[in-house]
Amino acid sequence: MKILVAIKQVPDTATQMKLGADGKTIDPTGITWIVSPYDEFAVEEALRIKEKRGQGEVVAVSLGPDRVKEALRSCLAMGCDRAIHLNDPAWGAADTLMTARALAAVVKQEAPQLVLCGRQAIDDDMGALPAQLGELLGWPSAYWIMEEAVDADGKTVRVARQVEGGLEVFDLPLPAIVTAQKGLNEPRYPTLKGIMGAKKKELKDVKAADVGLAAEAPQLSITALEALPPRPPGRIIQGDLPTAVKELVRSLREDAKAI
Amino acid sequence: MRFTLTDEQQMIQAMAREFAESEIRPIAAEIDREARFPHETVKRMAELGLLGIIVPEAWGGSGGDTVSYVVALEEIARACASHAVVMAVNNSLYCWPVLTYGTDEQKERFLTPFAAGHQLGCFALTEPQAGSDATNQHTLAVRDGDAYVLNGKKQFVSTGREASAALVFCQTDVAKGSHGISAFLVEKSAPGLSVSKTEDKLGIRASDTAELVFEDCRVPAAQRLGEEGQGFRIALSTLDGGRIGIAAQAVGIARAAYERSIAYARERTSFGVPIGQHQMVQWMLADMATTIDGARLLTQRAAALKDAGAPHGAAAAMAKLFAAETAMKVTTDAIQVHGGYGYIKEYDVERYFRDAKITQIYEGTSQIQKLVIARHVLGERA
Ligand SMILES: Cc1cc2nc3c(=O)[nH]c(=O)nc-3n(C[C@H](O)[C@H](O)[C@H](O)COP(=O)(O)OP(=O)(O)OC[C@H]3O[C@@H](n4cnc5c(N)ncnc54)[C@H](O)[C@@H]3O)c2cc1C
């Protein structure tokens with residue numbers, strides 16, 4: 001069974017974001033880039049499916065600039081068999097739909113039985129891509145999956161989706177698209193051997209023309225980015241305890257309207 | 001000259017950091033308090049390939065280099081110095097000499113399962129009267145047919161209780177002095193070998209430090225590592241590499257203390273300002289940052305020399321000396337930055353301080369490192 005995992009490289013959650021001079025982009029200096037955590041769940045699940053079946057191939061794919069190779073290499077180190085890097089200036093301003101088109105073209109070439117993604121990337125939190133990809137391919141798709149089981153013949157996948165107060169269970173015919181929610185699994189660390197071996201695995205550069213796509217303009221463009229307003233400083237209530245407690249309750253009720 | 005790690009080295013560093021942060025750091029204070037060997041997380045280190053980093057895959061290892069080993073070890077030590085010593089002993093003091101001096105038969109039995117971390121090895125050189133003066137070996141190995149009979153006592157053996165095999169140094173020819181020392185691979189289950197005690201220690205409390213007693217312990221001659229009389233050379237070359245590991249351990253401990261100090265200097269206030277605004281606190285922090293960087297550079301240089309197959313004995317001694325002294329100074333100052341709170345067990349700097357001390361003692365005290373360095377600079381071979 002061939003599984004394709006679509007991953008995105010995002011700034012580490014610990015990064016202090018700064019706006020770029022143009023007010024429309026993030027200043028990339030000092031950013032540590034990682035594989036989006038939900039995508040790591042997807043990679044892990046793909047590897048587990050392969051390990052459970054005792055055979056198969058897991059292909060990691062990502063669209064983005066040169067630095068994205070690092071993220072793909074971590075996927076190879078975790079155990080993916082090969083990686084595809086959609087790397088073309090034509091995709092420089094790609095929105096989710098352009099990305100979905102590029103991925104759909106790769107999926108058509110690769111013909112996997114299953115596409116796994118994270119439920120959303122933790123940078124812009126759009127979460128639109130898997131649905132767009134499903135729509136473009138005409139494949140069934142299920143999102144925010146907590147459990148998954150591919151049947152022995154590799155014809156269907158049973159998925160359990162997180163809903164308010166429980167799980168919703170579906171059977172999807174394969175090929176299908178499934179997105180991972182936190183809790184699906186605990187992603188492995190790459191082993192030293194995995195890291196040492198990653199260099200020997202195929203990491204293929206793909207241009208738009210290679211998958212038969214012409215340049216197109218993005219449908220979405222960012223008009224402006226704004227930083228969050230700075231958090232007002234905390235307030236320490238002075239005075240003896242009974243008075244301070246009274247003041248705290250008053251302040252929570254009248255100023256903060258929290259109680 | 002390049003000061004950047006390769007992609008692989010960076011990935012190994014990131015893996016070790018994440019693993020240490022999420023699985024080792026949370027238990028570090030507890031295993032220190034209980035002096036409990038962390039079997040579960042040591043097993044995880046084995047699975048990740050951290051216990052046989054420089055051993056080729058064919059012999060159960062990860063096929064990495066010494067630079068990868070030291071960057072990973074620094075990360076582990078930053079979370080817990082006890083885990084770091086278990087890792088350092090198995091990698092440098094046990095697997096390396098078996099890889100370097102062992103026959104294929106010896107490697108199959110005494111390397112493959114150890115490099116994979118399924119079993120742990122230890123290094124037994126020190127005796128009650130033979131510490132710095134390591135040539136003063138009293139443990140005897142007397143040839144008897146196709147075996148040697150071992151009698152004597154080894155002490156302060158790290159992982160001595162938990163290990164499945166020991167690399168043991170013995171006198172096979174007393175008349176030849178240090179040229180009469182030989183090395184043996186001995187299974188811990190061998191009849192005549194027993195663990196007589198484990199020490200209660202100031203630091204690295206989750207790592208066991210054991211005394212091994214040999215009473216008519218028969219060891220097949222096929223388990224002699226290297227030639228008869230080659231033992232002391234094996235010990236010295238092993239320690240040249242081992243010291244790079246201890247240097248990395250010291251850098252890791254120092255960095256942990258430094259990071260805590262920085263955070264504390266930002267949040268603790270006195271006289272109306274964060275204490276980091278007081279110049280005397282800034283001096284301590286600046287010295288910490290500078291010496292830790294220096295120690296790391298010396299450590300990575302020694303590792304890179306070893307990887308290049310270049311002489312690295314003096315570089316390793318300098319790295320170990322400077323890193324150990326740095327760790328002691330930084331952890332002392334880290335307590336100072338924390339004031340009274342630093343003296344309390346609830347704050348990790350108290351543990352870092354206790355853990356740092358051993359780096360000035362084992363694998364050659366700081367005084368012995370100076371002796372080694374002096375011999376090198378004066379052109380005398382050790
Ligand atoms: C926790 C722990 C773990 C250890 N793990 C191991 C292990 O795994 N395997 C192993 O074989 N050993 C191990 N050791 C032993 C360690 O390497 C020795 O303790 C160390 O080499 C010092 O020897 P010593 O204790 O006999 O001190 P001594 O040699 O008696 O030294 C006492 C003091 O005299 C100084 N001194 C001695 N000779 C000289 C000299 N020529 N010039 C200047 N100063 C000198 C020393 O620097 C020191 O300050 C361990 C020790 C400890 C405490």
Side-chain angles (χ1 to χ4, degrees), chain A residues 7 9-16 30-37 39-41 43-44 47-48 51 60 66-80 83 85 122 182 185-203 231 233-236 238, chain B residues 4-24 41 43-73 75-76 79 87 90-91 95 112 115-117 259 263 267 269 272 307:
Chain A
I7 63 123
Q9 191 189 41
V10 298
D12 188 356
T13 41
T15 305
Q16 282 282 335
I31 290 184
T32 312
W33 298 93
I34 59 167
V35 176
S36 183
D39 298 346
E40 280 194 333
F41 300 133
V43 171
E44 176 63 33
L47 296 174
R48 288 187 191 193
E51 283 160 4
D66 285 343
R67 61 171 156 77
V68 168
K69 287 209 164 48
E70 242 174 74
L72 286 169
R73 235 178 257 119
S74 338
C75 296
L76 294 175
M78 278 176 80
C80 292
H85 184 190
I122 60 146
K182 184 179 168 126
N185 55 45
E186 193 56 55
R188 68 195 64 190
Y189 297 104
T191 64
L192 250 116
K193 260 188 236 180
I195 293 170
M196 302 302 298
K199 204 170 38 185
K200 294 175 211 126
K201 293 180 179 174
E202 180 186 290
L203 201 176
R231 233 172 50 172
R235 176 179 162 216
I236 294 171
Q238 311 283 358
Chain B
T4 47
L5 299 171
T6 64
D7 285 350
E8 276 92 44
Q9 288 160 353
Q10 285 180 43
M11 281 167 87
I12 290 166
Q13 185 180 45
M15 176 271 276
R17 179 177 304 162
E18 275 172 49
F19 163 69
E21 274 290 302
S22 61
E23 296 187 32
I24 295 181
T41 34
K43 186 159 167 266
R44 292 282 292 127
M45 291 205 290
E47 289 163 2
L48 292 171
L50 292 168
L51 294 182
I53 295 183
I54 54 106
V55 177
E57 282 190 41
W59 295 114
S62 302
D65 57 14
T66 314
V67 172
S68 300
Y69 166 58
V70 298
V71 298
L73 189 49
E75 297 300 330
I76 302 295
M87 178 173 160
N90 199 68
N91 274 283
C95 288
T112 303
E259 288 169 353
E267 87 200 14
T269 57
D307 283 333

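This is a predicted model, so every value here is computed, not measured.
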S.K.: Does Asp12(A) reach the main-chain N or O of Thr15(A) with its side chain, forming a donor-acceptor pair under 3.5 Å?
M.R.: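 Side chain of Asp12(A) to backbone of Thr15(A): no pair is present.
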S.K.: At a heavy-atom separation under 4.5 Å, does Arg188(A) approach chain B through its side chain, its backbone, both, or neither?
M.R.: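 Contact with chain B involves no heavy atom of Arg188(A) at all.
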S.K.: Just checking Glu267(B): does its CD atom have more than 12 heavy atoms from other residues, nucleotides or ligands closer to it than 6.0 angstrom?
M.R.: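 Result for CD/Glu267(B): enclosed.
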S.K.: Check whether any side-chain heavy atom of Met196(A) sits under 4.5 Å from a side-chain heavy atom of Lys193(A), and report yes or no.
M.R.: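 Heavy-atom side-chain distance check fails, nothing below 4.5 Å.
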S.K.: Look at Glu21(B) together with Arg17(B) and state whether they make a salt bridge at an N to O cut-off of under 4.0 Å.
M.R.: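 So Glu21(B) does not pair with Arg17(B) through a salt bridge.
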S.K.: Output the option from Asp7(B), Ile12(B), Leu50(B) having the highest count of non-hydrogen pairs under 4.5 Å with chain A.
M.R.: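 Between Asp7(B), Ile12(B), Leu50(B), the count favours Ile12(B).
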S.K.: Looking at Arg44(B), Glu47(B), Met11(B), which one has more heavy-atom pairs under 4.5 Å with chain A than the rest?
M.R.: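 Of the candidates given, the most pairs with chain A belong to Met11(B).
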S.K.: Determine, step by step, whether Glu23(B) and Tyr189(A) satisfy the side chain to side chain contact (heavy atoms under 4.5 Å, CB included) criterion, reporting the C-alpha distance in whole Å, the side-chain angles of both residues, the deciding distance to 0.1 Å, and the verdict.
M.R.: CA-CA 11 Å; Glu23(B) 296 187 32; Tyr189(A) 297 104; 3.2 Å; yes
S.K.: What part of Glu18(B) is in contact with chain A, defined as an atom under 4.5 angstrom from a non-hydrogen atom: side chain, backbone, both or neither?
M.R.: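 Both parts, backbone and side chain.
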S.K.: Contact part of Gln10(B) toward chain A, heavy-atom cut-off under 4.5 Å: side chain, backbone, both or neither?
M.R.: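 Neither; nothing under 4.5 Å.
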